[in-house]
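Accompanying notes for the structure given below.
Side chains are part of it too, since the values below use all heavy atoms of this structure and drop only hydrogens, waters and symmetry mates.
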Amino acid sequence: MSELPRTLARSWSSTLKLPKSTFPARVTPTDQTKYLKRCTDDLYAWQRRERPADRLFVLHDGPPYANGDLHVGHALNKILKDIICRVQLGAGKRVRYVPGWDCHGLPIELKALEARKDAREEGGIVDAAVTRKVARNLAEKTVKKQMNGFRSFVVMADWENHWKTMDKDFEKRQLGIFREMVEKGLIYRRFKPVYWSPSTGTALAEAELEYKDDHVSTAAFVKFPLVTVPSHLKRDPLLQGKDISAVIWTTTPWTLPANAAIAIHPLFQYTIVESAAHGYLLVAQSRLEYLEFVLKEDLSVIVPSILGSELVDNTTYQPLFKAANSEPQPLIAADFVTADSGTGLVHCAPGHGMEDYEACLSRGILAFAPVDDHGKFTDLAMPDDPKRLSGKSVLADGNVAVLEYIESQGQLLFQHRYGHRYPYDWRSKQPIIIRATEQWFADVADIQSSALKALDDVQFVPAAGRQRLENFVKNRSEWCISRQRAWGVPIPALYHQGTGEAVLTKDSVSHIMSVIDERGINAWWTDDANDPSWIPPALRETSSSGYRRGTDTMDVWFDSGTSWAEVETPYGEHGRPADVYLEGSDQHRGWFQSGLLTYVAHQLASGQTDAPRAPFKTLITHGFTLDEEGRKMSKSIGNVMEPQDIMAGTLLPPLKQKKGKKQGGDGKPVYDALGPDALRLWAASSDYTRDVVMGKQVLQTVHTSLHKYRVTFKLLLGALSDFRPENKVQYDQLLLVDRIALLHLSEMTLAARTACEKFEFYKAVSAVNRWANLEFSAFYMEAIKDRLYTYAENSPSRRAAQTTLFHIYQHLQEVLGPITPLLVEETWEHTPEALKAAFEHPLRRTVSKPDPQWQDPSLSGDYQEIVTVHSAIKSMLEKARGNKQTGSSLQSFVHIQLPNTATQSVLQRKLEELPDIFVVSSVTLTGSEEALPDTIASADWQYSEEFELPIGGKGRVYVYSPQASKCPRCWRYVIPQAEAAADKACNRCEEVVQGLNGSA
């Protein structure tokens, strides 16, 4: 070995091909700002211009409510939508994603009323106009603020053309759909019980309820004196001269003033018993024992068995709150009476109960609800003594007053506290009541079967969403669509000034729409009450009394439910407005259902002959965001994590201060800015079909993964800094470890793509993380460092490694593009020009499939053999390090004894590649019966471990101290000890350095 020039010998590092890249190791917030527009607005505009119109993908936005700041739940929702759109973009499609906002409704109206207390003219038309103006301004400001927040999450969308439910065009489309339903006979007005919120003074849809499981009511057992009984009971000598009372149990005593009937089951057996304290009582046989328990007395059976059907329509009782001379009320049959609760007799108030209403309606019993908009009794609750109840809240002192009166009349058997599930207004968080009022309804029963049929070919993610949505549709016969509010789209109904009769026809709605188109929707409230322009000419000619405009607005779920009309037309083979709807799981009863019902109604009203379809091809739902203790995030608890804090990195510990330097120059702590990609990676790595946890530990895990991606890209860019794509090596010229790396890349890529196609992004992230940490970082990069750093630049072996890294770089960009687009955009900024010339921009690519020849199944077996032995080697090296016998793994030799059966082992076939793969300086191999090399016996230290090959057979591997000297350039122990000298390189390194010297 000849002596190298002293200058080269003393600066070996200058002769190595160490990775060089301008790609930063950490996020630079100022740089990310410039990348943001490129990978959002610019990208959306590019794909809308360049991608074919016949390959369209539509994700229709479930509009967030324009009220309040964004939270992590908003981030989860919008990021999931964006990932889906980017996956479709990678599939070569043109994406249509136009964000929307739900702007009408009570929360904004209440804020407007609060903000303009000084300007209110209570009850006047000016009040509504002022409220609407302030509400619109509030919604506009919130939309702008929320839009900026969503855009900071790197959401690619048509932001400039966003829609709002308060836009004129949107309202016109909504009224057009309403008109179709009117013409089809699907809209009607009726005085019937609806969910009513006393706290907000309006009717509610079922979707606006939330149920509190620990609500406590005052329940009561009340007796009603019977007036008439069936003839055979009247003749019974045991009952002669006896007063009999029917006993009911209720959890809502406040509804008793509206009692109109008592329901019994015609197939149940009833009995008359005697109570020492309360006289003769009628109860169901099955509830006798329970009643004895409640009354704390043994009851004597007088008439043991009476079939319910004998009592129906032959028995009447005296109402408790009506005038003394009022007509007795009947016992009626009803299937909803149960034998395992109460007394087997159910008090019916058709003005305060859905089932009560239906049962009484069939018998001509009218609904009666002596309760006002604020949940207080009116004078009609007790006509003989109005002051006793009038003005009292039915949920508070009014309920107490009812029970006091019943007790004073000797009709109260027992009262008690009763905990049960009860509906609350989801906005005010206050209990609701059921109250009969004049309301507008959409007929769901008429389209129910079509709506259910429309779901047959819809894909649900998760699959359980199908049953959930179907149940909501099945359990709904009508939809109360009117609200007693000012901020919303008006129900375009006219009312006769004399009779109050409502007019709502296709022609009347069309006329009103034409006036709205000319004057604007606010004119409905601001025009003079007697302005004849709103009345169709035909009506003006037929009435001398005239008509007035209604004041009810549409349910906000009708607003957002018709938002599918924002999409131009149904398209593609599936013929629907949208490919995907994606929202939280609570929207099964809300937006999903209202969108389905209005779209099916629209198709039926339009005379569509084919089977109606849902407005979506795929319906995806996600869970709620929780803290690490499984609690909902709440400001009162103090567990809220703001999206901006997550992106800024301030929720994790600050960076460690470098010695002798001030943090940030101003003494303030410096944080590792995680950027939007951290928020996105959290969303992508979560199984969103369940509730999703966010906390510091979760964020730390996400940060670790994101940092790993950056390090990986930095390594790739550094290793490819001098690579030119035209120098790629053919697959059959790659080394074994390269081909294994491409197999792993192929498996990871295909697993991630399949997961994304199934909307299982967390599986894609899991596949990438496993690959990055184990197969790429811990295996492949370790195995090729020597080739990359120490081989000649143009050597076939080094170019083979670079070719492999070139493919890895391409596919990793494509896999991570939908999830961490800022990171990928940043990698493109730092990509060498030679590589850029070979690719399209990673976020614009139609992603490529891995080369089929990479998926050689025999390589899996080879890899498993290598990993088996490698694991044993690493285990022994750890022991050597622990005993301070070695530092680097290169400071060791390895000998493998293979079982005689392992004739086709990769360890034999690729023995020359094993030192690089195991990152050791020498690997030798013999059969299990052959003698061990003498070098093992003479080694300063040695370890051995048995292993079992996946193909069968046991072998043994030895790790021992090297029997050669260290090359100062490549650090391998390969120089024969007899030739060792200062500043002497190994033969391979000498050739490389001499080549460098010659080229210089």
Side-chain angles (χ1 to χ4, degrees), residues 39 43 46-47 50-52 54-57 83-95 579 618 684 709 712-713 716 720 723 725-734 736-772 774-776 780 800-821 823-825 827-828 831 835-860 862-863:
C39 57
L43 180 61
W46 171 85
Q47 62 92 32
E50 300 294 333
R51 285 290 168 84
D54 60 351
R55 295 204 67 203
L56 187 63
F57 173 84
I83 291 172
I84 290 171
C85 287
R86 291 178 185 273
V87 168
Q88 293 299 320
L89 190 63
K93 295 183 180 179
R94 178 195 289 187
V95 170
D579 289 277
T618 300
Y709 300 164
T712 300
F713 275 125
L716 290 169
L720 293 171
F723 181 71
E726 59 266 27
N727 292 330
K728 283 190 296 185
V729 174
Q730 295 299 311
Y731 180 77
D732 58 4
Q733 296 176 334
L734 299 177
L736 170 68
V737 72
D738 301 325
R739 286 184 278 120
I740 289 175
L742 291 179
L743 170 66
H744 289 158
L745 175 67
S746 178
E747 290 173 341
M748 180 273 286
T749 302
L750 293 174
R753 298 248 173 88
T754 300
C756 286
E757 288 168 3
K758 294 180 178 180
F759 309 104
E760 297 174 332
F761 309 119
Y762 69 99
K763 291 184 178 179
V765 173
S766 178
V768 174
N769 286 345
R770 174 184 169 79
W771 171 86
L774 299 177
E775 296 161 346
F776 176 75
Y780 185 61
Q802 285 185 306
T803 298
T804 305
L805 295 177
F806 175 77
H807 293 311
I808 290 172
Y809 183 56
Q810 173 191 357
H811 287 281
L812 184 59
Q813 279 185 320
E814 293 170 7
V815 167
L816 288 179
I819 298 168
T820 56
L823 173 63
V824 172
E825 182 71 45
T827 65
W828 189 249
T831 299
L835 300 188
K836 283 186 176 181
F839 294 132
E840 189 173 18
H841 188 292
L843 300 181
R844 296 182 177 184
R845 290 178 207 155
T846 297
V847 296
S848 55
K849 293 182 179 179
D851 192 324
Q853 65 181 334
W854 297 354
Q855 297 154 48
D856 181 350
S858 67
L859 293 173
S860 292
D862 291 348
Y863 177 65

Would the distance check show the side chain of Ser766 and the main-chain N or O of Tyr762 forming a donor-acceptor pair, the cut-off being under 3.5 Å? no
Hey, would you say the Trp46 and His841 ring centroids sit under 6.0 Å apart? no
Are side-chain heavy atoms of His744 and Phe776 found at a separation under 4.5 Å? no
Expected output: side-chain Arg94 to main-chain Arg55 donor-acceptor under 3.5 Å: no
Quick check on the 6.0 Å ring-centre criterion: do Trp771 and His811 meet it? no
Check: Asp851/Gln853 side-chain N/O donor and acceptor closer than 3.5 Å: yes
Main-chain N/O of Val729 paired to Thr803 side chain as donor or acceptor, under 3.5 Å: yes
Pair Tyr780, Asp738: side-chain N/O donor-acceptor within cut-off below 3.5 Å: yes
So, the side chain of Gln855 versus the backbone of Ser746: is there a donor-acceptor pair under 3.5 Å, distance only? no
Heavy atoms of other groups near Glu50 CD, more than 12 under 6.0 Å: yes
Consider only side-chain N and O atoms of Arg845 and Gln813, and report whether a donor and an acceptor are under 3.5 Å apart. yes
Quick one: side chains of residues 750-761, donor-acceptor pairs under 3.5 Å with protein atoms, not counting sequence neighbours, listed by atom name and distance.
| from | atom 1 | to | atom 2 | distance (Å) |
| --- | --- | --- | --- | --- |
| Arg753 | NH1 | Ser848 | O | 2.9 |
| Arg753 | NH2 | Glu814 | OE1 | 3.2 |
| Arg753 | NH2 | Ser848 | O | 3.3 |
| Thr754 | OG1 | Leu750 | O | 2.8 |
| Glu760 | OE1 | Lys763 | NZ | 3.3 |

